[in-house]
Amino acid sequence: MTRRVFLDGVDPWVNWSWLSSHVPTVLADLEQHVVLTVIAVIGGLVIALPLGVAAYRWTGLRLPTLGTFGVFYTIPSLALFALLVPYTGISGVTAEIALIGYNVLILLRNVIVGLDEVPNDVLDAADGMGYRPLARLLRVELPLALPAIIAGVRVATVSTIGIVTIAWVIGLGGLGELILQGYIESFHTPLVVGSALCVALALTADLGLAVVKRLAVPWARPA
Amino acid sequence: MNRKLGSRWLLAGVVALAIAATACGSSGTNPSTSKGSITVAGFNFPESSILAEIYAQALEHDGYTVTRKLRLGTREVIGPAIKSGQIDLYPGYAATDLEFYNSGAGEASGDVNATVQKLNTRLQPLGLEALNPSAAVDQNAFAVTKATQQKYNLTKLSDLAPIGNQLVLGAGPECPTRPFCKPGLEKTYGIHFKDFKALDTDGPATRAAFANGTIQVGLVFSSDSDLNKLNLVVLQDDKHLENADNVVPIIRQKVASDEVKNVLNKISATLTTEQLVSLNGQVELNHQDADAVAKAYLQQHNYFS
Amino acid sequence: MDFLHRVFIWLADPAHWHGSDGIPTRLGEHLHLSLEAVAIGALIALPIGITLGHYGRFGNLAISVSNLGRALPSYGILVTAFQILGLGDAPIILALTALAIPPMVTNSYVGLREVNPDLKDAARGMGYRELAQVLRIELPLAVPLIMAGIRTSAVQVVATATLAAAIAGGGLGRYIIDGFAQQDYVKLFAGAVLVGVLALVTEGSLSLVERLLVPRGIRLQKARPASRATAFKTA
């Protein structure tokens with residue numbers, strides 16, 4: 001089994017001088033990663049929220065929507081990025097079609113479950129107080145579904161951050177480009193830097209969203 | 001104020017901030033002071049990153065705004081990308097590029113000028129152009145470990161013909177479809193391997209596969225600097241399967257202004273195979289970065305003065 | 001539709017069903033990598049999650065470690081494993097195991113925590129000793145969540161194993177990577193279809209196993225709320 005034949009003695013896991021001279025590159029990759037993630041999560045919400053509300057209302061829609069996006073979800077990201085290339089090229093659009101598509105499934109499920117879990121008593125009370133359907137949706141049902149929706153956003157965000165690294169296959173891997181460089185050049189530092197930043201980004205986003213949830217839904221019990 | 005309402009405004013604010021960050025993050029360089037934008041791409045092996053960086057930095061020094069897409073992939077990815085205008089320039093190799101754009105018609109030869117001429121006739125209808133070829137050459141080369149060489153007493157590729165069915169070939173996944181790779185070995189040399197392992201284009205997987213015996217014959221590049229260190233021996237291409245793979249920039253005609261062409265041709269004119277091997281060594285053996293190595297090369301040749 | 005037709009022809013072509021690049025070989029490689037990763041992961045994750053859940057200790061640590069595990073980029077772990085262990089199955093299985101552990105730890109911990117404390121008291125009162133209590137009372141009650149965790153892990157691993165091909169590994173991902181490198185989109189799509197089908201079969205068969213394992217009494221009760229480990233895509 002091959003071991004340290006390929007790892008130079010002079011190659012520590014983090015070469016700090018390389019890092020300090022490559023800060024702009026690393027930051028550019030980080031920026032690309034963040035931008036792709038943010039667009040993917042917001043895009044997912046933009047589609048999943050109305051679709052989820054519709055599927056919650058008209059239960060007949062649940063199977064087709066969850067089914068379609070569910071099938072989409074099973075396609076490995078590597079394959080999906082590659083398959084889209086002949087149509088949308090090696091562009092952000094290709095990456096986002098895949099990323100947003102995956103997020104829609106996660107968010108859709110959570111929107112539906114969140115809305116489903118609103119207690120019937122509350123709905124009755126709202127009706128009794130004179131809320132019309134749209135107002136009830138916006139001011140009662142959605143806010144109460146918010147914990148579940150934000151939980152979905154957390155999962156979608158952390159998941160997206162991981163999958164963006166794979167977009168190196170179309171040259172848009174963000175921090176994944178650093179990992180690719182580490183692999184191709186048998187060089188540890190970009191690999192470690194890329195992976196560590198990815199983890200840090202995911203944990204920060206997760207924590208940040210937990211804080212957002214606490215601020216947005218102070219009445220929710222800790223979950 | 002209703003606390004619930006306040007929390008929702010906070011949520012909206014966070015989302016708006018995120019969108020703003022996205023918009024700000026996408027702002028590029030200042031266009032008014034640059035002569036134009038060029039996107040330079042490289043293949044997914046270190047030598048290509050070095051060459052792409054050399055050309056990119058030269059263009060930047062001349063006042064162009066350069067976007068880099070290094071390690072973009074194989075020619076099968078880069079070819080369609082440049083055809084569709086998503087990249088503008090990449091450092092190609094004359095013979096291999098010719099056989100890519102003519103779908104393996106077998107037009108390449110050992111004469112670099114003839115090869116580049118034929119390449120240009122193929123590129124022109126696609127809106128592309130091959131500039132002046134460099135003297136630096138990097139060809140496909142097939143190597144074996146020193147142990148294998150001694151075991152079968154090998155010096156040239158023809159020696160593999162009788163024993164091919166005992167050996168495993170390792171190369172990038174595109175090898176079975178490239179005329180200078182597996183099909184070429186079969187047609188020109190009559191070598192039929194026991195098996196083919198899809199690894200990478202002369203990358204870490206290929207080298208690891210040599211070391212643990214997964215492959216006996218592997219594709220490497222003639223300008224590699226670390227073959228000796230890895231106990232690998234290149235077999236002589238006695239039937240001249242590989243042709244004039246001189247480094248040549250392939251560029252989109254739309255960005256190929258005379259000035260751009262001058263900058264690039266000037267670089268190509270001074271590049272030699274020896275220098276390429278040396279540059280590769282700095283990256284492969286000393287773990288320096290392609291952009292640093294490229295910069296040092298340009299400075300050494302007084303390009304920035 | 002012509003494209004889909006060609007994919008179907010590719011899948012039906014007998015030439016693609018034997019040899020070292022044939023569907024059975026690649027499927028076998030993929031299953032080997034996935035099964036080993038989930039099995040080893042389960043051997044590590046389940047005892048940890050079950051023990052922590054039973055004693056109710058270090059729960060936050062367990063959840064945090066799991067969160068950390070989720071945050072790991074799968075491609076990064078694969079390349080790291082390759083750089084440490086080189087070429088072969090071992091680094092890939094190592095990396096996939098690391099990814100398989102978090103959902104199983106989380107779910108088994110939560111599954112054990114959610115066992116009704118009254119039941120645990122009753123068991124203790126009836127004279128059950130610690131291990132017996134875990135094995136005969138708590139585990140059967142926690143089976144739905146534990147199985148959900150194993151299922152999530154398994155589907156995740158099957159999908160992520162496609163990445164192994166990017167570091168010269170085998171498995172169904174080879175069709176995807178090779179197809180892309182050779183610009184053979186039919187092979188690429190066929191590979192994606194095979195992985196998708198395998199993921200669905202994995203999900204389905206483990207659901208079946210869960211149904212068989214869940215004690216009949218539990219199954220007859222009102223359906224439990226959605227499992228904690230929501231489907232999480234790593235590749």
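Note on naming: letters A, B, ... go to the chains in the order of the sequence lines (proteins, then strands), and numbering restarts at 1 for each one.
A pairwise comparison of heavy atoms in C/Gly76 and A/Ile179 identifies CA-CD1, 3.7 Å as the closest pair. Shortest non-hydrogen contact noted between A/Val158 and C/Ala71 is CG1-CA, 4.2 Å. Residues A/Ile166 and C/Ala235 share a closest heavy-atom pair of CD1-CA, 3.6 Å.
Among pairs with a residue in residues 57-81 of chain C, those fulfilling ring pair (Phe, Tyr, Trp, His ring centres under 6.0 Å) read A/Trp168-C/Tyr75, at least two apart in sequence or across chains.
C/Thr234 touches chain A through its backbone: at least one of N, CA, C or O sits under 4.5 Å from a heavy atom, while the side chain does not. Both the backbone and the side chain of A/Ile75 have a heavy atom closer than 4.5 Å to some heavy atom of chain C. In this structure, the portions of C/Tyr185 lying under 4.5 Å from any heavy atom of chain A include both its backbone and its side chain. Heavy atoms closer than 4.5 Å to chain A are found in the side chain of C/Ile177, but not in its backbone. With a threshold of 4.5 angstrom between heavy atoms, A/Leu178 does not approach chain C through any atom at all. For A/Val169, the parts sitting under 4.5 Å from any heavy atom of chain C are the backbone and the side chain alike. Both the backbone and the side chain of C/Ile167 come within contact range of chain A, judged by heavy atoms closer than 4.5 Å. Both the backbone and the side chain of C/Ala166 come within contact range of chain A, with heavy atoms under 4.5 Å apart.
Note that CH2 of A/Trp13 is 4.0 Å distant from CD1 of C/Ile84, once rounded to the nearest 0.5 Å. Taking OG of A/Ser195 as the reference point, atom CD1 of C/Ile77 lies at 8.0 Å (rounded to 0.5 Å).
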Kindly indicate, with the supporting measurements, whether the criterion side chain to side chain contact (heavy atoms under 4.5 Å, CB included) is fulfilled by C/Ile176 and A/Phe81.
-> CA-CA 10 Å; C/Ile176 298 172; A/Phe81 289 141; over 6 Å; no
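C/Phe82 is not listed as a side-chain neighbour of A/Leu191, based on a closest heavy-atom distance of 4.5 Å or more. No side-chain heavy atom of C/Phe180 sits under 4.5 Å from any side-chain heavy atom of A/Leu83. With a 4.5 Å cut-off on side-chain heavy atoms, C/Arg70 and A/Asp206 do not count as touching. Looking only at side-chain heavy atoms (C-beta outward), A/Val199 and C/Pro73 come within less than 4.5 Å of each other.
Side-chain atoms of A/Ser159 come within 3.5 Å of backbone atoms of C/Lys233 as a donor-acceptor pair (strictly under, hydrogens ignored).
Contacts with chain A were tallied for C/Val197, C/Thr162, C/Val195, C/Leu188; C/Leu188 has the most, counting heavy-atom pairs under 4.5 Å.
In this view, A/Tyr102 and A/Phe72 satisfy the ring pair (Phe, Tyr, Trp, His ring centres under 6.0 Å) rule, not counting sequence neighbours.
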